[in-house]
Amino acid sequence: MSPPVTIEYRRPGAFASKNKGNHSSAAPTIQQKQTRSDSGHSPACEIIDVRGRTPTSNTDVNLRESILNAIQTKNVGFTDPKTGEESCIRSIPTMVLYDDKGLDIFDQITYIDEYYLTNCEIDILKRNAEEIVNSVASDNAVFIELGCGSMRKTKYLLEAIERKGLRNVTYYPVDLSRSSLQECIGPLTLAFPTITFLGLLGCYEDAVHYVKETLPATTRKTFLWLGSSIGNLNREQAGAFLRHVCQEGMNEGDVFVCGIDRRNESALVGSAYNDSHGLTRDFIINGLDHVNRIFGVNIFDRGDFEYVSIYNDREGRHEAYYKSLRRQTLTFPCNDGTTSATVNVTLESGEMINVEYSYKYSKTEVQQLTETAKLYYVGKWTDNRDMYDLCLFQKPPFWFEKNATRPAVPTIAEWQELWKAWDTITTPLRSEPLTQPIQLRHPYVFYLGHIPAFLDIQISRALNPTEPSYTSPQDFPRIFERGIDPDMNDPLQCHPHSEVPEQWPAITQVVAYAQRVRRRVQKIMSEIETNDELRVNKRLMRVLWMCYEHEAMHLETILYMIVQQEKPLPPHKVLAPLLPATPPTVPPLSFHQFSEVPSTIMTGLDDPEAADFDGNASYPEVYGWDNEKPVRELPLKPFAISDRKITIGDWIKFLDDHTNWDSADIPSSWLRVNAGTDHSATGYFLRTLHGQVPLQRVLHLPVQVSYDQALRYAKVRGTRLPTEAELRYLRREQKSLGAAPNYGFQQWIPATVDTVVGDLWEWTGSVMDRSEKDGYVKSETYPGYSSDFFDGKHNIVLGGSWATVPRLSERESLVNWYQRGYPYVFAGFRLARDI
């Protein structure tokens, strides 16, 4: 069961709300009707008829056809809750529940305590309306509510809009029922005269199409879908619907507020959908009466059926069925009025007919939903009983596909998304290009020039090794080819790097240069398929892969530099992550025991660069950096490893109990905001891309520290840091645990502690060191990539962070590393010990 507005997924791209009114292909018109309010006034209700824009309206004819198709075919899976026996059964479309009488009954259901969803959502809106509006709205904002709003829920948001003093706000409720729209808009127009209300008469897809074609692209839009109506769709359909809205109705930065019920205890869900008042039974049985009205004959006798309510814990859904109480034959007229043909359907005694599913969601399933929809999961607001969430999603400026089948060489589409990401993050930096948040690094302008210069240099050398032709200006390769990474202990010691100019080029010149290099890449990519000389240039293919990953790595470098600014420059059209006012409790640290493990674990890949010039060699299926190669064995012994990363709360306890807040152990990811206070958590904030957050709100997040700091913590706990082999082994074991890793900008903050891939890179106790003995061959294309750091001062990190692109984090053989004392990177740790 869902709130009064439901949708039925009919076919790909077809989404409709409850069946009301007739389908029309006429141009949109404004319908006005006077409705009398309690005060005696009669407000004009403006309703825009948007029907006919898409072929998806659920008219009675369409619904009749859907009923006939569903009742004749046994194609819905059913598991008997008592015996576990599986079978296929008939169904009736959920839409039959939502005629006028059904809506009236449902409205009564929402007032009973057992149906907790409504009260939970009202509680959230009551307590958080101000924050919601502050997050999503501004002057000239537009709200589109999928379904008719009501004073009971919507008023909290509208009151917050008026208190905030927002101007020119327009509110569009969407429904296929003109009367429902009039009943909704009339009271709201009276109560909130500063807000414009326009009803959209049509199905959801009609409304999305109207929004796309009518509203300017600069309009800031918020879609609302309340009441856990999303539960009426299965998980695949729900993701497809949200993706449709995202692609067709939203611009970058627009948001979607979605009510989602959790996977609560089965008894609680069961009571909500089978209440002691019998209202839910009346609601479901009324669907049979509606079928009779649709066909104009008495097909179903409600006395021959009973309502069966089942909560399927495995699937996380409530299931509503009609149960036939006797053997009977149903006769359906199947004509359009010109013939007397009928369809007979025989039901056995006890036969079940499915009419509705109501899906519930775990945290992982919500994240998977947003992945399917290509929406950024900003966060959620939760009711005070911790049973229901109002989730906030946003259409991001860029999107990296996860777990996709990718060619070895990134496609032009992948390049374009990477460039979008780069521009989203670096455009704000153009206002202060000489800022140098980390003194051991160059200012921002270097990185804005380094990325295109490195790309241009490598492409030029691949196309003509003896006489490379570079993109102008010709002096840019000299100053932008390679950056600095000084020794933490002796900053005067540094690997070979480009000349540092007395004055950096103007930022406008650097940006224009980057655009020219991008156009060069686009031209080459477009010509590869038709130009034999380019297509057989294996070194060029390698360079295109290498430069993509190089740019992706520096995207992360830029981000951890921005975070170090006292006033960071957040990206445009990306909302700050929502953090709970009170951090959730993190379970105590426990250890997985791996007592039976192989003596070695295989890692790496085979991708010899020398094969680039071997005409008989095939193209690699996967490219890798020199420190990933070749396939090799790492020794492994039985070990124990913590089930999660160390949290900020853990680290505060460590400072309190063991170091007395020694400055050497204060993470650089923290900022002291009040130098006059005693050393304690209250004096520090967590640095994030969108500003600083009090530590007391983020105790549950993983702590970001250097290797040296992590090692000190491990020693105090009588443990150590895991080896490279141990962490790789854990990654392979965790594939079956069902965690939803946070990488590729799924969330713009390290949000969880229980995944091996994502949130933060993880320090290992393994030194970054390779030699010919284990098959290492220095890269010909980028000779200093790894070998410059075989100095015994760098340790391996694995997994990836929230800002690591999928091409990197999903390649298990990837090896990353940082200096042990380097405190700025997005890296955390877990503990290990011998057994």
Would [X] and [Y] pass as an ion pair if we require N to O under 4.0 Å?
X: E306; Y: R281; result: no
X: E319; Y: R317; result: yes
X: E812; Y: R732; result: yes
X: E414; Y: R807; result: yes
X: E351; Y: R327; result: no
X: R326; Y: E348; result: no
X: R293; Y: D289; result: no
X: D386; Y: R262; result: yes
X: D49; Y: R51; result: yes

Do [X] and [Y] meet the criterion of a side-chain donor-acceptor pair at a distance under 3.5 Å?
X: T752; Y: N742; answer: no
X: E183; Y: S180; answer: no
X: N274; Y: T280; answer: no
X: T94; Y: N232; answer: no
X: T755; Y: D759; answer: yes
X: E85; Y: T79; answer: no
X: T331; Y: T342; answer: no
X: N298; Y: D301; answer: no
X: S324; Y: Q328; answer: yes

**Item:** Atom CZ of R385 with >12 non-hydrogen neighbours under 6.0 angstrom
**Value:**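 It does not: R385 CZ has 12 such atoms or fewer within range.
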
**Asked** With a cut-off of 6.0 Å (strictly less than), are more than 12 heavy atoms of other residues, nucleotides or ligands near CD of E265?
**Response**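 It does not: E265 CD has 12 such atoms or fewer within range.
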
Do [Y] and [X] have ring centroids that are under 6.0 Å from one another?
X: F106; Y: Y111; result: no
X: W225; Y: F241; result: yes
X: Y273; Y: H318; result: yes
X: F332; Y: F295; result: yes

Could you measure the distance from the [atom1] atom of [X] to the [atom2] atom of [Y]? Nearest 0.5 Å is fine.
X: S87; Y: D80; atom1: OG; atom2: CG; answer: 7.5 Å
X: I47; Y: L201; atom1: CD1; atom2: CG; answer: 6.5 Å
X: L117; Y: I122; atom1: CG; atom2: CD1; answer: 11.0 Å
X: L68; Y: C334; atom1: CG; atom2: SG; answer: 6.5 Å
X: T214; Y: I48; atom1: OG1; atom2: CD1; answer: 7.5 Å
X: Q394; Y: L575; atom1: CD; atom2: CG; answer: 4.0 Å

Kindly write out the residues that satisfy ring pair (Phe, Tyr, Trp, His ring centres under 6.0 Å) with [X], not counting sequence neighbours, or none if the list is empty.
X: Y116; answer: none
X: Y156; answer: none
X: Y377; answer: none

**Item:** Steps toward salt bridge (Lys or Arg N to Asp or Glu O under 4.0 Å) verdict (E248, K212)
**Value:** CA-CA 6 Å; E248 299 299 323; K212 177 182 179 181; 2.8 Å; yes

Between the main-chain N or O of [Y] and the side-chain N or O of [X], is there a donor-acceptor pair closer than 3.5 Å?
X: S229; Y: L226; answer: yes
X: T372; Y: Q368; answer: yes
X: N312; Y: G316; answer: no
X: D254; Y: K221; answer: yes
X: E114; Y: A272; answer: no

Could you report the tightest heavy-atom contact between [X] and [Y], atom names first, then the distance?
X: N286; Y: K101; result: OD1-CD, 3.2 Å
X: D383; Y: I124; result: N-CG1, 3.3 Å
X: Y204; Y: L146; result: OH-O, 3.3 Å
X: P587; Y: R644; result: O-NE, 3.1 Å
X: E121; Y: L390; result: OE2-CD1, 3.8 Å
X: F745; Y: Y376; result: O-CD1, 4.4 Å

**Prompt:** Taking it one step at a time, do D99 and I294 satisfy side chain to side chain contact (heavy atoms under 4.5 Å, CB included)?
**Reply:** CA-CA 10 Å; D99 63 346; I294 289 171; over 6 Å; no

**Asked** Is the charged tip of K402 near the ring of Y743: under 6.0 Å from the six-membered ring centre and within 45° of its axis?
**Response**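 Yes, K402 sits over the ring of Y743.
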
**Prompt:** Taking the six-membered ring of Y359 as reference, does the NZ or CZ atom of R235 fall below 6.0 Å from its centre and within a 45° cone about the axis?
**Reply:**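 Judged by the rule, R235 and Y359 form no cation-pi pair.
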
**Prompt:** So F143 and L224, side chain to side chain contact (heavy atoms under 4.5 Å, CB included) or not? Walk me through it.
**Reply:** CA-CA 7 Å; F143 289 80; L224 298 170; 4.1 Å; yes

**Asked** So F78 and Y321, would you call those rings parallel, tilted or perpendicular, with 30° and 60° as cut-offs?
**Response**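 Correct class here is perpendicular.
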
**Request:** Evaluate salt bridge (Lys or Arg N to Asp or Glu O under 4.0 Å) for K360 paired with E365, printing each intermediate quantity in order.
**Result:** CA-CA 9 Å; K360 313 302 175 184; E365 286 164 340; over 6 Å; no

